[in-house]
There are 2 protein chains.
Amino acid sequence: MRLVIARCTVDYAGRLTAHLPSALRLLLVKSDGSVSVHADDRAYKPLNWMSPPCWLTEEPGVWTVRNKADETLTITLEEIQHDSQHDLGIDPGLVKDGVEAHLQELLAEHVHTLGEGWTLVRREYPTAIGPVDLLCRDDSGSSVAVEIKRRGEIDGVEQLTRYLELLNRDPLLAPVAGIFAAQQIKPQARVLATDRGIRCVTLDYDALRGIESDEFRLF
Amino acid sequence: MRLVIARCTVDYAGRLTAHLPSALRLLLVKSDGSVSVHADDRAYKPLNWMSPPCWLTEEPGVWTVRNKADETLTITLEEIQHDSQHDLGIDPGLVKDGVEAHLQELLAEHVHTLGEGWTLVRREYPTAIGPVDLLCRDDSGSSVAVEIKRRGEIDGVEQLTRYLELLNRDPLLAPVAGIFAAQQIKPQARVLATDRGIRCVTLDYDALRGIESDEFRLF
DNA sequence: AGGTCGATGTCGTAC
DNA sequence: GTACGACGTCGACCT
């Protein structure tokens with residue numbers, strides 16, 4: 001990884017065109033060839049960048065970064081205040097916990113929390129427009145499609161609505177009810193779901209995990 | 001801006017929990033208080049970060065970054081290889097060209113490219129759930145709502161559908177037709193739009209700009 | 001503060 | 001490679 005602090009102008013030509021007037025900035029050149037230009041604010045997003053795979057051509061005072069789609073990032077250097085190189089090695093990478101996949105696993109193993117006597121037909125039940133998170137049967141044997149989100153917003157309701165429309169065309173399944181399950185459901189999403197006859201369920205990740213560990217304790 | 005190269009472990013607890021095993025990484029502390037942790041690959045995305053507003057507490061060997069929502073980023077430092085401070089000043093910021101706003105401007109000025117004798121009612125026509133990009137009238141005086149995207153995907157069709165549903169409840173406007181206009185329209189989005197009676201129009205940014213300059217040339 | 005929407009979104013993954 | 005959905009999406013704008 002190479003760190004350069006320099007006064008520079010930057011021009012990007014690709015999906016859009018963009019220009020950065022002259023100023024002091026951090027140029028970050030990573031070992032995969034990617035380049036990013038950072039100002040002294042905003043943790044997440046660089047002012048300008050080129051993602052790998054891409055290639056840096058270095059001429060005196062001008063860096064050109066190009067990718068396969070022929071997008072270019074041109075950095076014109078006016079004054080270099082710092083330039084250092086560091087060998088970081090390969091990063092072991094991030095370990096995550098608490099994402100949607102985990103919610104799906106947990107709820108799949110505890111569909112009875114949705115209703116007494118409910119059973120799981122399958123996770124990732126395939127449809128023409130993509131898989132439904134869970135397909136269940138309630139105690140009377142009726143089908144129920146469940147869409148799971150960490151944060152329940154309007155998009156998720158639309159997604160479930162599309163699935164329901166499709167599933168209800170299948171005479172072997174219809175009628176299929178819908179459940180919108182999320183750790184947190186935005187008021188607007190709840191209104192839309194309710195208006196469409198979709199039941200909303202708030203999930204408690206820690207509680208579901210609790211059930212898990214309780215059951216573990218039984219053995 | 002402070003640049004630190006250090007062997008460290010990182011723990012994030014907030015919307016999810018995440019852990020980074022010990023490795024050599026770049027720690028980027030910006031003057032707005034934000035902190036990001038970068039590996040030697042991927043231009044854009046830090047491994048871990050805390051966005052401003054947030055606050056860094058520095059103890060020997062342990063940094064803690066916290067925000068208002070009480071999410072925390074804990075960095076445990078094992079070995080510091082580099083530590084430098086740089087005063088970059090305020091960045092003049094990015095000048096962009098070719099984003100959706102420009103497409104909207106251009107199409108607003110050339111609604112006749114959508115149909116002979118069409119007129120613009122207004123840009124950003126307000127509805128209860130957000131503004132419609134363009135509201136037009138066709139040659140017969142009928143209303144047409146236009147949703148503009150750079151890249152036309154399924155979300156945009158859903159968005160336009162919601163607008164149309166609302167606009168068609170207004171007896172002064174109804175019936176309102178829909179146009180989904182984008183530089184590029186994904187097949188799935190086209191299918192969905194067509195199925196809902198929404199016309200799809202592919203926009204040519206350069207051509208629209210060309211019309212612009214042609215008209216300039218007339219004077 | 002909360003909602004909506006655009007983004008050079010980026011990133012993973014299934015087909 | 002393309003398409004699609006998730007993301008600690010972020011960030012900008014408006015109420």
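First the proteins, then the strands, lettered A, B, ... as listed; each starts at 1. This one's a predicted model, so the numbers in the text were calculated from it and none came from an experiment.
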Discussion item. Whole angstroms only, please: what is the CG-P distance between A:D155 and C:dG6?
Written reply: 11 Å

Practice prompt. Provide, to the nearest angstrom, the distance between the CG atom belonging to A:L47 and the C1' atom belonging to D:dG11.
Written response: 13 Å

Worksheet item: For the pair made of CG in B:L192 and P in D:dA3, what is the distance, rounded to whole Å?
Response: 16 Å

Discussion item. Using atom C1' in both nucleotides, what's the gap between C:dT10 and C:dG6 to the nearest angstrom?
Written reply: 15 Å

Discussion item. Students often get this wrong, so: under 4.0 angstrom with heavy atoms, is A:P187 touching a base, only sugar-phosphate, or nothing?
Written reply: sugar-phosphate

Worksheet item: Across the strands shown, which category fits A:Q159 at heavy-atom distances under 4.0 angstrom: base, sugar-phosphate, nothing?
Response: sugar-phosphate

Fill in: Nearest-Å distance for atom pair CD/C1', residues A:Q183 and D:dG8
12 Å

Worksheet item: For B:D97 and B:Y205, does a side-chain donor sit closer than 3.5 Å to a side-chain acceptor?
Response: yes

Worksheet item: What's the spacing between B:L208 CG and B:E105 CD if we round to 0.5 Å?
Response: 11.5 Å

Worksheet item: Rounding to the closest angstrom, what is the interatomic distance between D:dC7 and C:dA7 at atom C1'?
Response: 14 Å

Worksheet item: OP1 or OP2 of C:dG6 less than 4.0 angstrom from a side-chain nitrogen or oxygen of B:K149, does that happen here?
Response: yes

Discussion item. For B:Q159 and B:K149, which I'm curious about, is there any donor-acceptor pair between the side chains at under 3.5 Å?
Written reply: yes

Practice prompt. Let me know the distance between CG of A:D70 and C1' of C:dT8, rounded to the nearest Å.
Written response: 15 Å

Worksheet item: Starting at NZ of A:K45 and ending at P of D:dA12, how long is that distance when rounded to a whole Å?
Response: 8 Å

Discussion item. As a test of reading the structure: which of D:dG8, D:dG5, C:dT8 is closest to the side chain of B:E71, going by heavy atoms?
Written reply: D:dG8

Practice prompt. Name the nucleic acid region contacted by A:Y163, choosing base, sugar-phosphate or nothing; use a 4.0 angstrom heavy-atom cut-off, strictly under.
Written response: nothing

Discussion item. Nearest to the side chain of B:E147, heavy atoms from C-beta on, is which of C:dG6, D:dG5, D:dC10?
Written reply: C:dG6

Worksheet item: Taking for each residue the nucleotide of DNA chain C with the nearest heavy atom, is it B:R42 or B:D133 whose nucleotide lies nearer the 5' end?
Response: B:D133

Worksheet, complete the sentence: When rounded to the nearest 0.5 Å, the distance separating CD of B:E158 from OG1 of A:T161 is 8.0 Å

Worksheet item: Checking all strands, does A:L103 fall into the base, sugar-phosphate, or nothing category for heavy-atom contacts under 4.0 angstrom?
Response: nothing

Worksheet item: CG of A:N48 versus C1' of D:dC10: gap in Å, rounded?
Response: 16 Å

Worksheet item: Can A:R42 and B:S51 be counted as having a side-chain donor-acceptor contact under 3.5 angstrom?
Response: no

Fill in: Nearest-nucleotide pick for B:W49, side chain only, options being C:dT8, D:dG5, D:dG8
D:dG8

Discussion item. Output the rounded distance in Å from CG (A:L94) to C1' (C:dC11).
Written reply: 13 Å

Discussion item. Closest approach to the side chain of A:Y44, judged atom by atom: which nucleotide of C:dG3, D:dG11, D:dG8 is it?
Written reply: D:dG11

Fill in: Interatomic distance at C1', D:dC14 relative to C:dT8, whole Å
25 Å

Fill in: DNA chain D: 5'-proximal contact among A:K96 and A:K68 (nearest heavy atom)
A:K68

Practice prompt. Just compare D:dA3, C:dT10, D:dG5 and give me whichever is closest to any side-chain atom of A:R162.
Written response: D:dG5

Worksheet item: Are OP1 or OP2 of C:dT10 and a side-chain N or O of A:R15 less than 4.0 angstrom apart?
Response: yes

Worksheet, complete the sentence: Whichever of A:L16 and A:K186 has the more 5' nearest nucleotide on DNA chain C, that residue is A:K186

Discussion item. So A:L167 and A:Y125, do their side chains get closer than 4.5 Å, heavy atoms only?
Written reply: yes

Worksheet item: Would you say a side-chain N or O of A:Q188 is under 4.0 Å from OP1 or OP2 of C:dT4?
Response: yes

